[in-house]
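Keep in mind it's a predicted model, so treat the numbers as computed, not measured. Within every chain, numbering begins at 1; the chains are lettered A, B, ... in the order of the sequence lines, protein sequences first and strands thereafter.
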2 protein chains.
Amino acid sequence: MQLTKKLTRKEQIKKVAQNMFRERGYSATSMRDLANAVGIEAASLYNHIKSKEDILRQICFGIADDFFHAIEQVEQSNLPAEEKLKQAISQHVKVITNNLDASAVFLHEWRFLSEPYLSDFKKLRDSYEQSFKKIIIQGKEEGIFKAVDEKFYCLTLFSALNWIYDWYKPTGLLSPQQIAEQLSNLLLEGIKK
Amino acid sequence: MQLTKKLTRKEQIKKVAQNMFRERGYSATSMRDLANAVGIEAASLYNHIKSKEDILRQICFGIADDFFHAIEQVEQSNLPAEEKLKQAISQHVKVITNNLDASAVFLHEWRFLSEPYLSDFKKLRDSYEQSFKKIIIQGKEEGIFKAVDEKFYCLTLFSALNWIYDWYKPTGLLSPQQIAEQLSNLLLEGIKK
DNA sequence: TATAAAAGCTAACAAACGTTAGTTAATTTT
DNA sequence: AAAATTAACTAACGTTTGTTAGCTTTTATA
C-alpha cells in the first residue's frame with residue numbers, strides 16, 4: 001500500500017468534506033466553505049459531485065459498508081461467543097480509528113439524510129446492532145455470560161465504542177488493538193460468569 | 001411541585017429551542033422554525049431573547065450548572081471512593097434524565113458557541129471531568145481500585161453516561177436510579193480489586 | 001380609567017445559501 | 001492536428017438566513 005496515494009478531485013472533495021462535516025457539522029458547512037478548502041470555486045464542485053447531500057450519502061453509506069463487512073466476517077466464523085465479541089469489538093475499533101472523520105460523520109450527521117436514504121440508513125444501523133445482540137444471546141446460551149439484558153448491555157458497549165473517535169489520536173499512547181483489549185477487559189469481564 | 005407550571009414566553013422559547021436544537025441541530029434550526037413552533041412571528045422572539053446564540057448559551061451553561069452542583073455535593077462528602085463514584089454516576093444520570101433535550105444540546109451543540117463563551121464552556125467541562133478522575137485516584141490510594149488508567153476509564157464511563165439521552169424514555173422499563181445501578185455494576189465491578 | 005409597559009405584528013435589510021447556466025482553458029482521445 | 005472530454009471559471013438565480021425598525025394591540029400598573 002502506498003503512503004501518499006494521488007487522490008482524484010472527487011476523492012479529495014470527499015476527504016475534505018468528511019473533515020469539515022465532522023468539525024463544523026453538515027448544516028454549518030457551506031459549499032463555499034468546502035470549495036475554498038479544496039481550492040476551487042463553489043460551482044466547480046458540481047463537476048465532480050451531484051449535490052451537497054450526495055457527499056453526505058457517500059460518507060455515511062461508505063463507512064456503513066465497512067462496519068458491515070467487519071461484523072459479517074465475525075458472524076460467519078464458528079467461534080464461541082466470548083471470542084466473537086472480542087473480535088467484533090476489535091473490528092469496530094479498527095474501522096473507527098482507520099476512518100476518524102468519516103466515523104464522526106456516520107455517527108452524528110446521518111440525520112441530515114433525506115428520505116428514502118434516511119430510512120435505509122436506519123435499517124442498516126439496526127441490523128448491525130442486532131448482530132452484537134445475537135452474540136450476547138449466544139453467550140448466554142453457552143452459559144458463559146451472566147443473565148444480562150442484551151439491549152442495555154449493547155447500548156453501553158456501543159456508547160463506549162462510538163465515543164472513541166472523539167478522543168483517539170493516532171499519535172497517542174494506545175494502539176487500536178490495545179484500546180480494543182482494554183475495552184474488552186472493562187466491559188466483557190463484567191458479564192462473564 | 002406543580003405538574004403543569006405556567007411558563008413565561010421566555011421559558012417556553014427556551015424549552016422549544018432545546019427540543020429543536022436537539023432534534024435538528026442548532027445550525028439547521030432557523031429562527032422562523034423556532035417562532036413557528038412557539039406560535040409567534042420570528043421577529044417577536046426578539047422581545048424575549050437577545051439572539052439565537054443567546055438561547056444556546058442559556059441552555060449550555062444552564063445544564064452545566066446542574067452538573068456542577070451535583071458533583072460538588074459528592075466531592076464535599078467524606079465518603080469512600082467507591083461510594084463517591086456510585087453517587088457521582090447516579091447524580092449524572094439524574095441530571096440527564098431530568099433534562100433530556102438540554103443534555104443532548106449540552107453534549108453536541110456547544111461547539112456553535114462563539115468566543116469567549118466557547119473557551120469558558122470547555123474549561124467547565126474539563127473541570128467536571130477532572131472531578132471524576134480524582135475519585136478514581138482516591139480509590140486507587142485507598143487500595144480498593146485496580147491500577148486502571150483513570151483517563152481511559154473516565155472516557156469510557158462518560159461515553160456510557162453521555163449516551164443515555166439517546167435511548168432513555170421516561171416511560172421505559174428502567175428508572176434513572178436503576179440505570180445508575182446497572183451502570184455501576186457494569187463499570188465499577190470491573191475496576192474493583 | 002388613564003397610562004405605561006410588554007408582546008405581538010408587518011416589512012424590510014444585507015448577507016449567505018445551494019445550485020444552474022454559459023463560457024473558457026486544459027487535457028485526453030481519435 | 002482535430003475533436004471531444006474534463007474541469008475550471010464568472011455571473012446569476014431564487015430562497016433562506018438572523019436581525020432591526022416602526023407600528024399596533026394586549027396586559028398590567030397607578
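- Contact of the B/E142 side chain with the B/Q138 side chain is registered, since non-hydrogen atoms from C-beta on lie closer than 4.5 Å.
- The CD-P distance, from B/E41 to D/dT17, rounds to 14 Å in whole Å.
- The interatomic distance linking A/I40 (CD1) with D/dT6 (C1') rounds to 13 Å, in whole Å.
- Contact check, A/S44 against D/dC9: a side-chain N or O comes under 4.0 Å of OP1 or OP2.
- Looking at A/E82 and A/K86, a side-chain N of the basic residue comes within less than 4.0 Å of a carboxylate O on the acidic one, giving a salt bridge.
- Summarising the geometry of B/R32 relative to B/A42, their closest heavy-atom pair is CG-CB, 3.7 Å, with the distance given to 0.1 Å.
- Ring-centre distance between A/F61 and A/F68: not below the 6.0 Å cut-off.
- Atom CG in B/D33 sits roughly 17 Å away from atom P in D/dT15 (whole-Å rounding).
- Residue A/R9 is classed as a sugar-phosphate contact, given heavy-atom separations below 4.0 Å to backbone atoms only.
- Note: CG (B/L34) to P (D/dT16) measures 17 Å, nearest angstrom.
- D/dA8 atom P lies 14 Å from atom CG of A/N36, rounded to whole Å.
- The distance between atom CZ of B/F112 and atom P of D/dT17, rounded to the nearest whole Å, is 15 Å.
- Contacts between chain B and DNA chain C, taken as any atom within less than 4.0 angstrom of a protein heavy atom, begin and end at C/dA7 to C/dA12.
- Within the 4.5 Å cutoff, the side chain of B/E53 has heavy atoms near those of the B/L113 side chain.
- For A/Y153 and A/F145, the gap between ring centers reaches or exceeds 6.0 Å.
- Within 4.0 Å of B/S30, counting heavy atoms only, lie sugar-phosphate atoms of the nucleic acid but no base atom.
- Sequence order on DNA chain C of the closest nucleotides to A/N47 and A/M31 puts A/M31 first from the 5' end.
- No hydrogens or angles considered: nothing links the side chains of A/E41 and A/S44 as a donor-acceptor pair under 3.5 Å.
- Phosphate proximity of D/dT6 to A/H48: absent, as no side-chain N or O sits under 4.0 Å from OP1 or OP2.
- Within the nucleic acid shown, A/S27 has no heavy atom closer than 4.0 Å to any nucleic acid atom.
- Between the CZ atom of A/R32 and the P atom of D/dA11 there is a distance of 14 Å, rounded to whole Å.
- In this structure, B/T29 reaches the sugar-phosphate backbone alone: every heavy-atom distance under 4.0 Å involves primed, P, OP1 or OP2 atoms, never a base.
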